[in-house]
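What follows is a single structure, written as structure tokens, with notes after it.
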Amino acid sequence: MQISSFYGRLIIKHNIDVTAYPALEMMPAIKDNVCQRCFNTLDQQWQLPNGIRYCGLCLKFGRITTADTLVTIPEPNMFPSFSNWQWGGVLTRSQQRVVNEIKKHTHNHLVWAVTGAGKTEILFPIIAQALISNQRICIAAPRIDVILELVPRITVVFPTIPIAVLYGQNKEPYRYTQLVICTTHQLLHFRAAFDLLIIDEVDSFPFAGNQLLKNAPQTALKLTGRLIVMTATPTRKHLMTFKQRSYLPARFHGYPLPKIETKVVNKWRILIKNRQLPICLKSYFEQNNQGYQCLVFVPTIHDVTTVTAAIHQQFPDVKLEGVFAQDPERMNKVQLMRNREIQYLVTTTILERGVTLPDIDVIILGADHHNFNSRTLIQIAGRVGRKTSRPTGMVLAIMSTPSWQVLVAQMTIKWLNYQATKGDKDDL
Ligand SMILES: [Zn+2]
């Protein structure tokens, strides 16, 4: 094992010859009944037959018990000097304002940017500045889809910087790099590693409200490190926690967020069960002559199957797939959509964010279901109109009964669009 593999990493000591690494720092894996990896208190039930206790919360990252030791080597920031990066784009006035605000401040920072505001572009100068300052940087996001979309964009801008890309299913061995892009779960493997940690989509499952990851950002950061979180739909807690905030209400192309249209169809489930479609949905398929792609969001995995079958029954020739979180073909199906090899994708809320497709429309079937809260609906609507080539599009919510959450989403979008017309007018 290379010594650099320990820099800022938290590793269970099993089979490691500690005499080979004099710089290793060791600590008990569990101290005062608190797990030293996820910093949660041990439950009484987490006990082996021999009486040894373990942490049941971070178990899937390798079991650690009261008999184990964790090792690390403090992050030395041993990186080659960095000077140039390649980005030919120009920031909008709003984006530049946010960059200036982030650079001016030094403490933790919240960026509230509407979907399609160009959050990633804001990151480029921030990352460049940190690289030049010899800082170690991590960009984390709760969902793999977001990571996979981020990596190529960052790689193009920083082609000389090696990037460790870490997520559960990635079998590539870990290597020490100045820039890490990973899922938020992977933060548990780091200890005081990063000078700058950026968490994108911070309000998203499975990070938000996750007891396992509650302490992960702070422990992965150095004591002097800085946390920047980004989201289009902050929770009230985020707004209260982060005193330093930047606000980006306008989309980069200056067009407003698409409005959510609604249709009440009382018996849509019965229609679907009988392999039929609500008239508004059927009309859309019949009239979509321009060949726009469409994401059809449904509340449950079961609905993915039934709705896909009903559409196939009515329109046997359309190129259509259904996808859900545990679908082993999930990534392939999203890729088919990106490649325009299929036109329609029926999905649960897993694709509510992170996936950017041009020319897309969205239909939310069963929008009054409790799985669609107002923030989810805003994210889903935000899939539409992302590209300058088609800055508008359709968002249609079909529901059994009028929904308060849909109304809140509609009002919020209206308010955000109003805010966008007020500030940084040179963008528009
Ligand atoms: Zn733990």
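Counting starts at 1 for both ligands and their atoms, in listed order. Excluded from the calculations below are hydrogen atoms, water molecules and symmetry mates; all remaining heavy atoms, backbone and side chain alike, are included. Nothing fancy with the numbering, it's 1 onward along the sequence.
Figure legend: cation-pi geometry between R390 and Y292, with NZ or CZ positioned under 6.0 Å from the six-membered ring centre and within 45° of its axis.
The closest side-chain donor-acceptor pair between Q2 and Y174, if any, does not fall under 3.5 angstrom. For H238 and T235, the side-chain atoms include at least one donor-acceptor pair closer than 3.5 Å.
The side-chain heavy atoms of R386 and T115, taken from C-beta on, include a pair separated by under 4.5 Å.
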From CA spacing to verdict: side-chain hydrogen bond (donor to acceptor under 3.5 Å, both in side chains), D203, T233: CA-CA 7 Å; D203 62 308; T233 44; 2.7 Å; yes

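Within 6.0 Å of atom CZ in F205, 12 or fewer heavy atoms from other residues, nucleotides or ligands are found, so the atom counts as exposed in its surroundings.
Shown are the protein N/O/S atoms under 2.8 Å from the Zn ion (ligand 1), given by residue and atom: C35 SG, C38 SG, C55 SG, C58 SG.
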